[in-house]
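Lettering of chains follows the sequences in order, A, B, ..., and the numbering in each one begins at 1. Note that this is a predicted model, so its numbers are computed, not measured.
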Amino acid sequence: MTERATGSSARTVLRLRDVRKNYGAHAALDGVSLDVAEGEVVVVIGPSGSGKSTLVRCVHQLEEIDGGAMYLDGELLGHERHRGGLRPLSARQVAAQRRRAGMVFQQFNLFPHFTALRNVAEAPRRVHGRPRAEAEREARALLERVGLADRAGHYPRQLSGGQQQRVAIARALATKPRILLFDEPTSALDPELVEEVLAVVRELAAEGMTMVVVTHEMGFARDVADRCVFMEAGRVVESGPPAALFGSPSSARLRAFLSRHAADHPADQKVLS
Amino acid sequence: MTITATTSSPSAPADDVATSRRRARPLRWLAAAVLAVLTAQLVAFLVGNRRFGWGTVAQYLFDPSVLSGLGVTVLLAVAAMVIGSVLGGVVAAAQLSDFGPARWAATAWVGFFRGIPPLVQLIFWFNLAYLLPRISIGIPFGPTFASWSANDVITPLTAGIIGLSLVESAYLAEIIRAGVLGVDLGQRDAAMAMGFTPAQTFFRIVLPQAMRVIIPPAGSQFISVLKGTALVSVIAMNDLLHAVQVIYNRTYEIVPMLLVACIWYLVVVTLLTVGQRRLERHFARGHLRDVRPVEVPA
């Protein structure tokens, strides 16, 4: 990938302003505001049901938000100005906006009827209208990048969970997204397969990819995040550099979450202490 | 290692399941014998009973009027299946839509055409001219552009195609809907996430996976419409059944002529079943346990 400038002067890629999402009477997102700068890696942590997954699903417009606003490169997501107010975009326009971001799911969601190669090449071909040979050449290069050049002809069912998730990452990269969204990418994996997926994410971070990663992997959060966001009950409770967040949590709720997590995952002890 | 040492005594011969022999299964031998006797009885009945009139069967099997009836039967079944699939797809999409009026209309459609016996529907369509003497195309409640006499438009053939297609569309709508509902929601998420439009998501990702579930019941449905074409003989349509009826009304050889029809129905159904198995294998791509990786030239 290309070198990108990081740091305080970098421009904002994703901006969320007071985003709200309700499921019936339950507020899944209760006024979330967040800026993600170009090249920044933001890791979102928090207990189950805190709204982390809902957050990335909303950013990618797989769920509609009920209030607030989201901007990608300054462009309002999901709605357009019309007669002095706002109105929802058409399905086609929403699809066009989604092409500028990529998403990796907890359950991989590879297409079972396509080979690994076709999983990666399908969107460039069908969505961006690239010629097949060209799309497949690039797909092959992406598979090589995630270490799966020799698995191009395999169907998802013939791959391990870790391999499937790496194909899914290659697939998300195929459309050259401005930002990559990860929804608990290692939660469905056997423990010994987690590291091969995290290694790929680390490499992307080193290459300057802008990413929002929802995860339970505290060690990974601490290593890779430029910024860590702690969510609870649909709100951002605390946010800052991982060293500060893990080293000296200022809110009682984050302290409680971290000590609960440390009790459940003794292996992460050294990372958190 | 330590476990084997404690369970086998040193003097006993070493166990090896490779030397284990097949278990005797007497009930299976008994069942095989019963089936053999029944088969022998059936063959003796078919061959020994002169009233089957196998000579007559052979004489009429390739009779031009029988073959033309067979052609009509196959034509009707294919037309009903093609039109029924297209209509059924539209009705299924309407049932799955989040637009209330479309959903209600589709539910009423399925309820109506699945709820009335096909024979009644066929007779009804054949007599459409009674209700609607002229059929015209134009703006509702406004001027008409073209108009035909219903008696000219509704022949036994068109009545048969319309009636069978509508019945098929109702059943196929339910089959397609069930297939689409069976596809994991994550597949839709992933396709949308990659920027596929709703139409691309449906036709490239959801439908091909749904086909795996749709084809077996759709195949049964095709077989049942093929047999259902026999109903059109009541509106004087020259199908396979009608062709043999015309002959036995003249010769009184009812059973041999019905056998002619049976043989042809079975031949066509067998061919259809073979085709269905092939289609199933095609859409099972990536789902079989023993699939081999595809060779991809580097």
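Within the 4.5 Å cutoff, the side chain of B/D189 has no heavy atoms near those of the A/M103 side chain. The side-chain heavy atoms of A/R98 and B/M194, taken from C-beta on, include no pair separated by under 4.5 Å.
Proximity to chain A (any heavy atom under 4.5 Å) is shown, for B/A199, by neither the backbone nor the side chain. For a residue to count as touching a neighbouring chain, one of its non-hydrogen atoms must lie under 4.5 Å from one of that chain's; by this rule A/R57 touches chain B with the side chain only. When heavy atoms are compared at a cutoff of 4.5 Å, A/N119 approaches chain B solely by way of its backbone atoms N, CA, C and O. For A/H60, the part sitting under 4.5 Å from any heavy atom of chain B is the side chain, from C-beta outward, and nothing else. Within the 4.5 angstrom heavy-atom criterion, only side-chain atoms of A/F114, from C-beta onward, approach chain B. Residue A/A168: no heavy atom, backbone or side chain, is found under 4.5 Å from chain B. For A/L110, the part lying under 4.5 angstrom from a heavy atom of chain B is the backbone only. Residue contact with chain B, scored on non-hydrogen atoms closer than 4.5 Å, is absent for A/R100.
Enclosure of atom CD in B/E280 by more than 12 non-hydrogen atoms of other residues, nucleotides or ligands within 6.0 angstrom is indicated. At most 12 non-hydrogen atoms from other residues, nucleotides or ligands lie less than 6.0 angstrom from CZ of B/F203. Annotation: A/E144, atom CD; neighbour count of heavy atoms from other residues, nucleotides and ligands within 6.0 Å does not exceed 12. More than 12 heavy atoms of other residues, nucleotides or ligands shown are found within 6.0 angstrom of CG on B/L132. With a 6.0 Å radius and a threshold of 12 heavy atoms from other residues, nucleotides or ligands, B/R103 has its CZ atom above the threshold.
For the atom pair CZ of A/R99 and CZ of B/F196, the computed distance is 9.0 Å after rounding to the nearest 0.5 Å. Atom CZ of B/R204 sits about 11.5 Å away from atom CZ of A/F111, to the nearest 0.5 Å. Rounding to the nearest 0.5 angstrom, the gap separating the CD1 atom in B/I205 from the CG atom in A/N109 is 11.0 Å.
For the set A/V94, A/L62, A/V104, the count of heavy-atom pairs under 4.5 angstrom toward chain B peaks at A/L62. Top candidate by heavy-atom pairs under 4.5 Å with chain A, chosen from B/Q187, B/R212, B/Q200, B/R188, is B/Q187.
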